[in-house]
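First the structure, in the form of structure tokens, and then the observations on it.
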Number of protein chains: 2
Amino acid sequence: MGGQMRPIDIMDALKRNVLECEGPAVCKTCEARHGGVCASLSVPQLVELNKHSSRRKVEAGNEVIGQGESVSTYSNILNGVVKLSKMMADGRQQIVGLQFAPDFLGRPHQEESTVTAEAATDTEICVFPRALIDRIVSETPDFERMLYEQSLKELDEARDWMLTLGRKTAQEKVASFLHLIATHIDPENASPRTFDLPLSRADIADFLGLTIETVSRQMTKLRKEGIIVIENNRHVTVPSLERLRCVAGND
Amino acid sequence: MGGQMRPIDIMDALKRNVLECEGPAVCKTCEARHGGVCASLSVPQLVELNKHSSRRKVEAGNEVIGQGESVSTYSNILNGVVKLSKMMADGRQQIVGLQFAPDFLGRPHQEESTVTAEAATDTEICVFPRALIDRIVSETPDFERMLYEQSLKELDEARDWMLTLGRKTAQEKVASFLHLIATHIDPENASPRTFDLPLSRADIADFLGLTIETVSRQMTKLRKEGIIVIENNRHVTVPSLERLRCVAGND
DNA sequence: CGTCCTATTGATATAGGTCAACATCGGTGG
DNA sequence: CCACCGATGTTGACCTATATCAATAGGACG
């Protein structure tokens, strides 16, 4: 496992790997391989990581990490949506982030999680032992940089959402949520016209700081205004993302 | 026009360093030296950084970095409080973070800021040229790790605040704010009984997603309930941090 | 065909927003 | 030193967006 990688650009690492067409077969077809943190690893590192990692399915509603729990593994999201949430002593809950493939779950240099991570939809993750990742992190500045970049992305998203929570109306909040999902649900397609909501009304309410009833009312209002089309409660079509953005107050 | 640049005496700093082998004199007395990102730098790195850095005063209300502006410098907060905020097209505003000494302002590998940074109080910062920090970052994994750690801390704070914004009542919000200030205003003393609020009522409202009037009403309510004592609008005494925490809904 | 679960819809209550008057403070200039 | 001023904060009266409570509807599944 030799010395440190020389500092290289992330895209270079990606390109090099594609050119060489090497690495574990599993990783080659991995949904998280491109764009995910693994993109910063060398082929030998990938091979070793692969030896000790395993795929796991997590059904909707199941916990990946509990708030305050100590964590012995990290993982990559391969598909599905994971919600991060916080709860107050009296049960009030707030979803503080949604993670999509190929996001990395877990935080090196931190014993226990400050949030609960729960599968919002049926989800597949690639699970890594903590000690191995910790070693790779300390050996591979590029890998740590990928994690740093992800945490900065999450920070930006959290702050955007603070604006939504603190200053937007219920209608703007619901539109913001739909816009967020439309632009994140499919890693391949930046903005599909049509998709399934990964969250129940209750989850949406917890994400937006609203009640279920208000979410429901605003959804029907958006439907009646022609901003969205809803089928079977979960399936949504957005005729114009631009109009949705506008309703969301994003310009 | 505050914020005048005061170049540091390079020769003097160098001379002292050579004699004492302990880093630049300025840094030795720096408020941000311990606990700040500079703590991860070697003495030669400190010397070089010091050569190109300068102290600057920023008066309350002045911008440090504008939202969407490109950034050519980074800085460390030496004292004072900096507020990070986002604004919607129609003027609605949300403060998305407060930074205290010895926090680092700015983000390597990112051209323009996604938030506005503005001095909430009169503030002193230590300004570094962008290119130099970028080089030090790429050469010094420990330094980058400090930045990573800070961004994780900010992420945790942002998520805590999302819970506050989304799920707490006005009274809990105001109490949460007072608790936050009490525990952060003084880097020396974790929780002073008495302190000056670094933010105006308008800023507090923008931080809590409330109106000025509601903030004011909740402050007087907390005062009448004996949770806090207020003098001159800005000076607050907290008889029991524990009681305040409780009102804030933190247990 | 009921049962459970999720979502919608309606009626009503209320926390917090809005608008307006007033108070307090710190500065400035006569 | 006082009078005036603008900026900042408080208080009151009222209003509205959203919460709450309650009833109904629609699927999924046995």
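Here is how names work: the chains are called A, B, and so on, in the same order as the sequence lines, proteins then strands, and each is numbered from 1. Any value given below was found using the heavy atoms of this structure, including those in side chains, with hydrogens, waters and symmetry copies removed. Please read these numbers as outputs of a predicted model, since none were measured by experiment.
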Review point. Please give, in whole Å, the distance from dT6(C) P to I212(A) CD1?
Key: 9 Å
Practice item. Could you point out which residue of T164(A), V96(A), L180(A) forms a side chain to side chain contact (heavy atoms under 4.5 Å, CB included) with F207(A)? Key: L180(A)
Review point. For every nucleotide of nucleotides 13-26 of chain C, 5' to 3': is a protein heavy atom under 4.0 Å from its base (B), only from its sugar-phosphate (S), or from neither (-)?
Key: ---SSBB-------
Exercise for review: Report yes or no: do T116(B) and K86(B) form a side-chain donor-acceptor pair below 3.5 Å?
Suggested key: no
Point to revise | Test: K57(A) and D122(A) ion pair at under 4.0 Å | key: no
Practice item. Go through L197(B) and R234(B) one step at a time and tell me if the side chain to side chain contact (heavy atoms under 4.5 Å, CB included) criterion holds. Key: CA-CA 5 Å; L197(B) 292 177; R234(B) 285 289 188 114; 4.2 Å; yes
**Study point:** d(CE, M219(A); P, dT6(C)) in whole Å
**Key:** 16 Å
Revision key, fill the gap. From CG of D203(A) across to P of dT6(C) the rounded distance in Å is 10 Å
**Study point:** Outermost DNA chain D nucleotides near chain B [under 4.0 Å, heavy atoms]
**Key:** dG9(D) to dA13(D)
Exercise for review: Would you kindly give the CG-to-P distance between L199(A) and dT6(C), to the nearest whole Å?
Suggested key: 13 Å
Practice item. Show the numbers, then the answer: is there a side chain to side chain contact (heavy atoms under 4.5 Å, CB included) between I125(B) and N76(B)? Key: CA-CA 5 Å; I125(B) 59 180; N76(B) 256 348; over 6 Å; no
Exercise for review: Please report the C-alpha distance between D206(B) and Q94(B) in whole Å, then the side-chain angles of each, then the deciding distance to 0.1 Å, and finally whether the side chain to side chain contact (heavy atoms under 4.5 Å, CB included) criterion is met.
Suggested key: CA-CA 5 Å; D206(B) 279 344; Q94(B) 176 69 43; over 6 Å; no
Review point. Hey, is E172(B) close enough to R92(A) for a salt bridge, meaning N to O under 4.0 Å?
Key: yes
Point to revise | Flag for Q171(A)-K221(A): side-chain donor and acceptor within less than 3.5 Å | key: yes
